[in-house]
> 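Got a structure for you, written out below as structure tokens; questions coming shortly.
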Amino acid sequence: MLAGGEAPPSEDWCVLSRPRDMTVDEYGDTMNMIAAPLLATQQHPSHTPNTSVEAPHRSFAGGIPETDPEFPLTLDCFGGTWQGTVKLESPSFIKVRVQGFPPIVSHQHISLTDAAAHPEEDSGILEGLIRDVRLERDSTFWDGTTNFLIEPLSGLIQHPGLLSHMLQVNLGQASIRLQGHIVEADDTLPALLPALVKETRTSTHSAARPSSSSEMAVSTVQSTPLSMVKANGQRIHAFHDSRVDSSSSSLPIVVIAPGYAETKRDYVTLAYYLATNGFEVIRYDHTNHVGASDGDHFHFTLSSMKEDFHTVTEYVRTHWPHRSVIGLAASMAARVAVKAEAERSSVDHLMLLVGIVNVRRTVAAVHLEDVFAQYASGHNADSANILGLNVGKQFLHDACQNRFVTLDETLKDAQQLQVPVMMLSAGQDAWVATDDLQAFSRALGDRLRKQCVMPDSLHRVQENPKLARQIYRQIVEYCRETSEPSQDHPAVIEPNRQLLGRQHRREKQAHLPNQTSTIGAGFWKDYLQHFQTVGNCEDYLTLLDHVFHTLGPILPGHRVLDAGCGNGTAGLSLCHRLSTAPSSHSQANPVQYVGIDVIPEALTRAKEAMSMMAFFSGRTANAPLPGLRASWANLDLHHPLPFPDGSFDRILSNLVLGYIKKPEAALQELYRVLAPGGRMVISNLKPDGDFSGIYQRLVSQAHDQQERIQARELLNNYGKIRQAEKEGRFQFYNQAQWRHVLDALGQPHAQIYPTFANQAYLIIIEKPQASIGSVHSEPTAFSQLPSRECFSMVWPAAA
């Protein structure tokens, strides 16, 4: 809390506080020695902070001797609480150490505020940056320490006792203004992007004028299904998006070729931006690929994708013979479009969105192995995982035979292009190397009319919806330049959000009946068997750390439900954390841990893991800690839970709800069994996630070939999950969708934070206390519940 009991102004706040057993005066006297050098720094006339130049690397070694005191503190951050210490590392740096892995990253801007002062007192404020964040592994599997330095920008402003009081750490919008770091939750992004986008060629049109009210009113977009037949007889399914009054339009037709592992539904928003501003759009699904077009993705080839591009552009030429055509191709489809246009020009302008130009290098960067070199050496497996999707052996043969693979082959195609090109690339693209893009740009020569770099964007642009919308505005403006280069253009009109959401839902629902899914009990059995590998990944351990800290304190007698416990990784982590929290120990009133899952084999592994933990600690399987009782049950979250209302004080569900057909219903059921005053923490994958970074780190940490094989199998299964997501069978909600679900649950103030290397959301829900006179029901003994396979369920009422 802020001084005076006010709540922090945003969800991006952390709070550092003094120990409860020290008074302000006692703590303040000892902390003066820390603040004094900072005051001297502030008062020095030559000290002028420069926030535009990154500070040189600072080591934790040296500085103040180790005999200088460290003072305990509490870090309240993103809904969780971490314990640690603070000390003066040098006259220019404050060092903070916390146990665990809070969401702290380098270059975050911080404001340290004396929140313990009375409202009428002045509060000391220290502005600074977080520098040199380092993680230390401790002796146990789950434990670690986060170290970070705070570099003051202007020293102490008010008084030297600042660190003696509660310190507030602001991780909010100031960091974005200072560093250009784009965060999804930031509403200041629209004003920032024009300054962040780097263009290699200056556009010729004049500044945009505001839209008139009449222009804003004409924004209704209609989406009409289309189908085209390829030469081989396969049918391509597409949508024609246009404004209802576009029949007399002379603007170009934009053909959107989705990237590899993407469908036309991924580009609804872009299509509606274009259509709302007067363009007509054709977006389609590739054949032999995920989506609605004919063929199974296992038979996919890049040549097939090239034939799709030609088929669609020829269809557009035939039906709109007097209109120019802009081809917009994303990711791998950009490489294919370059070859297609080099062989036979079919568009008037070509736009490449995060285009891959070196297929071999991209695949090697994602998979950490050169599958094309293996193929060339005679290793010809029946199938391969390419960028998250499983394909047959024909993919590698076709790519090599038809010269899609190397950078040199791409440069030769670029030199054959006859059409002007625009390139939009991502500043944080782990899939595409900057030097490859530079070589490709040089090969294009004068044909490259414009090039934009999107700072902080990953390869999958849709991961950051607000940044994606800024990119879509850039695309609209470029399309206007190509069609009417000498005219003043109005401001880009935003598409109607309700129409856009309705079309998303319509396409998702229409796609379901036509698909057969490979996801079933057998898949989950195999998936959980290989999930043991990701349990060793640092990103996953950080996720578990966030889950544990955001659950809040677990006290003797608390009942904890692990909904979708899988192999028991989260439960083991929880038990370990409880072992380090003496306040949770009570043999007379133990914590009750209950793990449930739909896969019996996973429950067996969870129980065996707990037994192993108990064995090495010299305890029994059901009581691995003096104050803990553990039990498991085979239950399906698709059905109502056999527990009375308010049965559990804490509930966690880690990366599970997105796989449920109706996550809202499952969440409602979990909320029902949550006790009044209890807390529930849910983690769920983000839509359109990019797990290449996590996979790379996982493989780099592998100790032997078997672990690398297991990591590859995990990636194969993730490819199936991506396919099921595209088919609408999995529900990976974005932040706005989660807000809608939480509002319907009656939880408008629930907290949502990014986690798991920004590939998942953490949702924290607290149930209000029961009204006076209400009765907190005791859970029923498991023997009284419907007959289901289970393991040693022990409740206080049945003990």
> Can you confirm whether Pro225 sits close enough to Phe239 that some side-chain heavy atom of one is under 4.5 Å from a side-chain heavy atom of the other?
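Yes, at least one pair of side-chain atoms sits under 4.5 Å.
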> Does some side-chain heavy atom of His349 sit less than 4.5 Å from a side-chain heavy atom of Pro252?
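Answer no - side chains too far apart.
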> Glu481 and Arg449: salt bridge (Lys or Arg N to Asp or Glu O under 4.0 Å), yes or no, with the steps?
CA-CA 11 Å; Glu481 293 171 25; Arg449 299 297 171 83; over 6 Å; no
> Stepwise, does the side chain to side chain contact (heavy atoms under 4.5 Å, CB included) test hold for Asp241 with Tyr267?
CA-CA 11 Å; Asp241 306 297; Tyr267 292 89; over 6 Å; no
> Do Gln470 and Gln474 have a side chain donor and acceptor closer than 3.5 Å?
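No, no side-chain donor-acceptor contact under 3.5 Å.
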> Taking atom types as modelled, is there a side-chain donor on Gln234 or Asn288 under 3.5 Å from an acceptor on the other?
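Distance-only check passes for Gln234 and Asn288.
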> Do Glu507 and Arg265 sit within salt-bridge range, that is, some charged N less than 4.0 Å from a carboxylate O?
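Salt bridge: no.
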> Please examine the side chains of Asn496 and Thr276, heavy atoms only from C-beta on, and report whether any two atoms are closer than 4.5 Å.
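Thr276 vs Asn496: side chains apart.
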> Look only at the side chain of Gln747 and the backbone of Glu766, and say whether a donor-acceptor pair between them is shorter than 3.5 Å.
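The answer is yes, because a donor-acceptor pair under 3.5 Å joins these two groups.
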> Do Ile256 and Lys264 make a side-chain contact, defined as non-hydrogen atoms from C-beta onward lying under 4.5 Å apart?
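Contact flag for Ile256/Lys264 side chains = no.
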> Are a donor atom and an acceptor atom from the side chains of His459 and Ser331 found within less than 3.5 Å of each other?
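Yes, because at least one side-chain N or O of His459 sits under 3.5 Å from a partner of the opposite role on Ser331.
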> Let me confirm one number: the CZ-CG distance from Arg243 to Asn277, rounded to the nearest 0.5 Å.
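It comes to 7.5 Å.
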> Take Val255 and Val347 through the test side chain to side chain contact (heavy atoms under 4.5 Å, CB included) and record every step on the way to the result.
CA-CA 9 Å; Val255 174; Val347 300; 5.8 Å; no
> Go through Gln222 and Ser242 one step at a time and tell me if the side chain to side chain contact (heavy atoms under 4.5 Å, CB included) criterion holds.
CA-CA 6 Å; Gln222 58 188 1; Ser242 62; 3.5 Å; yes
> Under a 4.0 Å N-O cut-off, is there an ion pair linking Glu314 with Arg344?
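Looking at Arg344 together with Glu314, the answer is yes, because their closest N to O distance falls below 4.0 Å.
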> Looking at His740, I want to see if its NE2 is surrounded by more than 12 non-hydrogen atoms of other residues, nucleotides or ligands under 6.0 Å.
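It does not: His740 NE2 has 12 such atoms or fewer within range.
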> With a 4.5 Å heavy-atom cut-off, do Trp431 and Arg460 have their side chains touching?
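Yes, their side chains come closer than 4.5 Å.
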> Does a side chain donor of either Gln731 or Tyr659 reach within less than 3.5 Å of an acceptor in the other side chain?
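Side chains of Gln731 and Tyr659: no pair found under 3.5 Å.
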> Does Phe732 have Lys686 sitting over its ring (NZ/CZ under 6.0 Å from centre, angle to axis within 45°)?
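Negative - Lys686 is either too far from the ring of Phe732 or too far off its axis.
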> Hey, could you give me the CD1/CG distance between Ile752 and Asn684, rounded to the nearest 0.5 Å?
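So the gap between those two atoms works out to 11.0 Å.
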> Under the side chain to side chain contact (heavy atoms under 4.5 Å, CB included) criterion, do Lys767 and Met680 qualify, and how do the steps go?
CA-CA 8 Å; Lys767 197 170 190 176; Met680 175 164 53; over 6 Å; no
> To the nearest 0.5 Å, what is the distance between CZ (Arg235) and CE (Met228)?
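These two atoms lie 10.0 Å from each other.
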> Does Met351 reach the side chain of Cys479, with side-chain heavy atoms less than 4.5 Å apart?
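Counting from C-beta outward, Met351 and Cys479 do come under 4.5 Å.
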> I want to check something: taking the side chain as every heavy atom from C-beta on, are Leu270 and Val254 in contact at a cut-off of under 4.5 Å?
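Result no, sub-4.5 Å side-chain heavy-atom pair not found.
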> So if I apply the side-chain contact (heavy atoms from CB on, under 4.5 Å) rule between Trp320 and each of Arg323, His322, Arg317, which one comes out positive?
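Option passing the side-chain contact (heavy atoms from CB on, under 4.5 Å) with Trp320: Arg323.
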